[in-house]
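Per chain, numbering begins at 1; letters A, B, ... match sequence-line order. Keep in mind that the numbers below use all heavy atoms, side chains included, and drop hydrogens, waters and symmetry copies.
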Amino acid sequence: MTEFLFLIPLLPLCGALIILFAGGRMPRRLLTGVAIASVAASAAVTLWLWPLAADQSRATLFTWFDAGSLQVPMELLFSPLAACMALMVTGVSALIHVYAACYLHHDPDIRRFFMLFNLFVFAMLVIVLADNLLLLFLGWEGVGFCSYALIGFWYRNPVFATAGRKAFLVTRAADVLFGIALLWLFHLTGTLSITAINLQAASLPPASVTILALLLLAGACGKSAQLPFSSWLPDAMAGPTPVSALIHAATMVTAGVYLLCRLFPLISLSPTALAVIGLVGTSTAFYGATCALVQRDIKKVLAYSTISQVGYMFLAVGAGTITGAMFHLLTHAFFKALLFMVAGAVIHLASGEQDLFRLGRLPKRSPMLFWLLLAGSVALAGVPLTSGFFSKDAILAACFARQTLWWTSLGVAGLITAFLTALYALRLVYLLTADREAASGHGPAPRGLVWPLLPLGALALVGGLLNLPEVWGGHAGLGRWLATPSGLSPSHGLEWGLAFVTLLLVAGAWFAIRNRYRVPTSPVSERPCVDFLIAGWKFDSLIRFAITAPFERLGSELERSLERGFTTSWPAGLGRLCQATGQKLRVFTSGSVSHYLVAMGWGIILLLAMLLFLLIF
Amino acid sequence: MPTLLFYILAAITLLSTVLCLTRKNPVHAVLYLVHALFALALLYFLLGAPLLAAWQIILYAGAIMVLFLFIIMLVESPVADQSSRRLSRWLPPAALSGSLLVCGGALIVMDPAATAVISSYWLTPRDFGCALFEHYGLAVEIISLILLFAAVGAFHLGRRYRPNSKEDVS
Amino acid sequence: MIVPLGHVLILSGLLFVAGLLGVLLRRNLIMILIGVEVMLNAVGLTLVGASAYWRNPEGQLFALLLMAVAAAEVTVALALVVYLKRSRSTIDVNRFNGMQG
């Protein structure tokens, strides 16, 4: 039965191929039907095979590479971790596919879109299920390519196309480091199988493990838009909203977290690397939250929020709780995909307006959308008893349970970030409900844009049940299923305390936001600090100043000195020399036969003289 | 006796060659050349090559020279070939020929073989044919091909000249 | 026993130089060709003399081949003369300067 595991990634691939080769002759309904059905079937297969995950089933299709000691089998590992992730990816993808079919109803390029969308799901599932790092890398680059192509889906707009290229290049820079880690791992262990590497991890030299973990972290940071590779994600919002929801909120950006989780037995051997991961996660979470606080574009708010929430997951990995990271990954996938799709529907209703200060009156226009927005926002804000509350608290509890100065201070920073999160989540709600002269739009939201959100809304609210801590009367189901003991058991007092602090923070945030945004407001005046935050701490300018501009200068310098000086002027000089010599030599080609004959005669004499010379000496 | 014959024939050859090359009228030149070729044929015979001597007369003095005569009549060149009297025009060829003679003469004088007296190496037509076809069959084939190409080329060049046809881009 | 080899060589050398002078100094294309014929015959004489000196038939064989090549050369050259006379209406080599650079 294990061979059926290959159906999970292959079904979306089949969908992509069918659309690619036969999509042109299909009616639009059939085309979207194929796309949705392939992903939904994949989700169904995942559910069907769920029992296999308990005993770490693996399946090998064929040997991909067989070169000396390098053996790369097409091997899938269906561990509990992979099963969770695969079910989330296929399930959320299926819902977003349905949404996208409605959202892009009038787009002429629907075939390209769904081909890439299905291909993306395939690549993502390869990442999730691969037991071999090279196979994982294949999926890793596959999602990168699909992300690039879908961000620039409306490629006629040069800004969108540039955003796609930026995402591709930034993630590629990080992938180089990931590739180095891969090669080094192969050099050290002689294998690329994740299982084997994790088994051998303890025998590796500690210094190498630290550097390897940091390289893997860099790769993960690129894919997950963590500092310092975060600047591509806000620009990636140029893509259609379903793309943002699927790729840049629910699945691809969490691939970095997932990678670290898969290789956790290796990474956890280096306390330094764990500390750095925690630091990166916390600082990114804080950075994203501050930026999200002031954005005017509804999708950019969610983008920075995604950066921030993925930062929490990194913090969880750093704190050593895989369960916490996966828990937050799942709940975040639910509520962030929900929020993105609500935002897409809102934008759709306002016929393309994305400025928060020109949107509003959502409860009157579409009550259902408003309730869904509220569900997503409270989960994001971490209002007690919602999914976000439980998952975030689990992470913070793990930090405090470590009881060292480093992790406690990271935990405090996480709490401050949680407060900021509540602030911007509620700001979003208040701005969207404000009773102001809003951009006009057409009719109520189509049903296709609303009903795929209902399951996600429900999950955002009650997703906490997945891993309800024992304090709250639950069984920590996810933790048991994943069976990755973190070695940390937060005391009940700590958990209650955290819950209380979170409640206080949310309430405080609510009061603050309510006072600020209860009456319809105009955008804040152009203050320097607001500009600074809106521009994402001027990160793009910094990169431009520190990397791009020097590189351009170097390039133009080389172009001037080397290219023009060496490869252009030198051959040109040679050419001129030849030409001048030719001009001088013209006189010898008199065209007169007798001259040529005389020259020939001198040649004969030369030969004879040589003979004479040889004869004499 | 053969020695005396050699020098007489050499003198005739040289004299008629010089006369040939200094004639203004090409027809006269060709006739002097025929004279020289006859003398050469006799020299060949003297040195032991009767077959070559026969061919020299048949091929050279016969066929080729007749061809020359035909072409001269065909072309009907007006005799406008007065060589310039100026020294500058004569100087390079004269210097050339002078150095050629000096070099060649020096080579001949210095070669010890030059003093070796030769006798005629008599090669009957039969021996000649055997030597030719035993070792140089391929050369004969190649020569025959060259002759064929020359014939084709001559045929092509000799077609009626049409000023406006596209082959004649001269 | 006829003559020393050197005398044969001197004769052919003189013939060669005479032919060369003809080639270089004459402007009539036909006269140039005649000069070339003289030079070729000088070479032929050398070959026959060498054949007698080395007691070897190959010199004579090559003299034959030389004759055949000369025949081919004359064929093409004379055809060219006719062609040039038709197309340029002259056979004065000083007028053929189309290759001037």
Item to complete: Could you look at Leu5(B) and say if it's the side chain, the backbone, both or neither that has a heavy atom under 4.5 Å from chain C?
Response: neither
Practice prompt. Check each atom of Leu40(B) against the heavy atoms of chain C and say whether the ones under 4.5 Å are side chain, backbone, both or neither.
Written response: side chain
Fill in: Winner by heavy-atom pair count (cut-off under 4.5 Å) against chain B, out of Ile10(C), Leu14(C), Leu64(C), Val74(C)
Leu64(C)
Worksheet entry | Proximal to chain C - members of residues 47-55 of chain B, heavy-atom separation under 4.5 Å | Leu47(B), Gly48(B), Ala49(B), Leu52(B), Trp55(B)
Response to the item:
One should read off an interatomic distance between Leu19(B) CG and His28(B) NE2, to the nearest 0.5 angstrom, of 12.0 Å
Discussion item. Could you walk me through whether Ile57(B) and Leu37(B) satisfy the side-chain contact (heavy atoms from CB on, under 4.5 Å) test, starting with their C-alpha distance in whole Å, then the side-chain angles of each, then the deciding distance to 0.1 Å, before giving a yes or no?
Written reply: CA-CA 7 Å; Ile57(B) 290 167; Leu37(B) 292 177; over 6 Å; no
Item to complete: Could you pull out all residues at least two apart from Leu21(B) that satisfy side-chain contact (heavy atoms from CB on, under 4.5 Å)?
Response: Thr17(B), Ala18(C), Ile34(C)
Item to complete: Please confirm whether the backbone N or O of Leu21(C) pairs with a side-chain atom of Arg26(C), one donor and one acceptor, at under 3.5 Å?
Response: no
Discussion item. Using heavy-atom distances under 4.5 Å, tell me whether Leu20(C) contacts chain B through its side chain, its backbone, both, or neither.
Written reply: side chain
Discussion item. Is Phe68(B) close to chain C through its backbone or its side chain, or both, or neither, when contacts mean heavy atoms under 4.5 Å?
Written reply: both
Worksheet entry | side-chain contact (heavy atoms from CB on, under 4.5 Å) involving Leu61(C) - partner list, sequence neighbours excluded | Phe128(B), Ala131(B), Leu132(B), Tyr136(B), Glu58(C)
Worksheet item: With sequence neighbours excluded, what pairs up with Asn56(C) under the side-chain hydrogen bond (donor to acceptor under 3.5 Å, both in side chains) test?
Response: none
Item to complete: Pick whichever of Met65(B), His135(B), Gln56(B) has the most heavy-atom pairs under 4.5 Å with chain C.
Response: Gln56(B)
Worksheet item: CG of Leu78(C) to CD of Glu73(C): how many Å apart, nearest 0.5 Å?
Response: 8.0 Å
Fill in: Derivation of the side chain to side chain donor-acceptor pair (under 3.5 Å) call for Tyr60(B) and Glu37(C)
CA-CA 9 Å; Tyr60(B) 249 118; Glu37(C) 293 307 310; 2.9 Å; yes
Fill in: Residue, of Val38(C), Leu9(C), Leu45(C), that accumulates the most heavy atom pairs under 4.5 Å with chain B
Leu45(C)
Fill in: Most contacts with chain B, counted as non-hydrogen pairs under 4.5 angstrom, among Gly22(C), Ala70(C), Pro57(C), Gly13(C)
Pro57(C)
Worksheet item: Taking atom CD1 of Ile71(B) and atom CD1 of Ile91(C), what is their separation to the nearest 0.5 Å?
Response: 10.0 Å
Worksheet item: Can you say whether Leu33(C) sits under 4.5 Å from chain B via the side chain, the backbone, both, or neither, judging by heavy atoms?
Response: both
Worksheet entry | Atom pair CG/OH of Leu15(B) and Tyr32(B) - distance to nearest 0.5 Å | 8.5 Å
Worksheet entry | Selection from Val76(C), Val8(C), Val82(C), Leu15(C) maximising heavy-atom pairs under 4.5 Å formed with chain B | Leu15(C)
Discussion item. Using heavy-atom distances under 4.5 Å, tell me whether Thr22(B) contacts chain C through its side chain, its backbone, both, or neither.
Written reply: backbone
Fill in: Under 4.5 Å from any heavy atom of chain C - which part of Tyr7(B)
side chain
Discussion item. Does Val69(C) form a side-chain contact (heavy atoms from CB on, under 4.5 Å) with Ile143(B)? I'd like the steps, not just the answer.
Written reply: CA-CA 7 Å; Val69(C) 170; Ile143(B) 288 290; 3.4 Å; yes
Fill in: Rounded distance (nearest 0.5 Å) linking atom OG1 of Thr75(C) with atom CG of Leu147(B)
7.0 Å
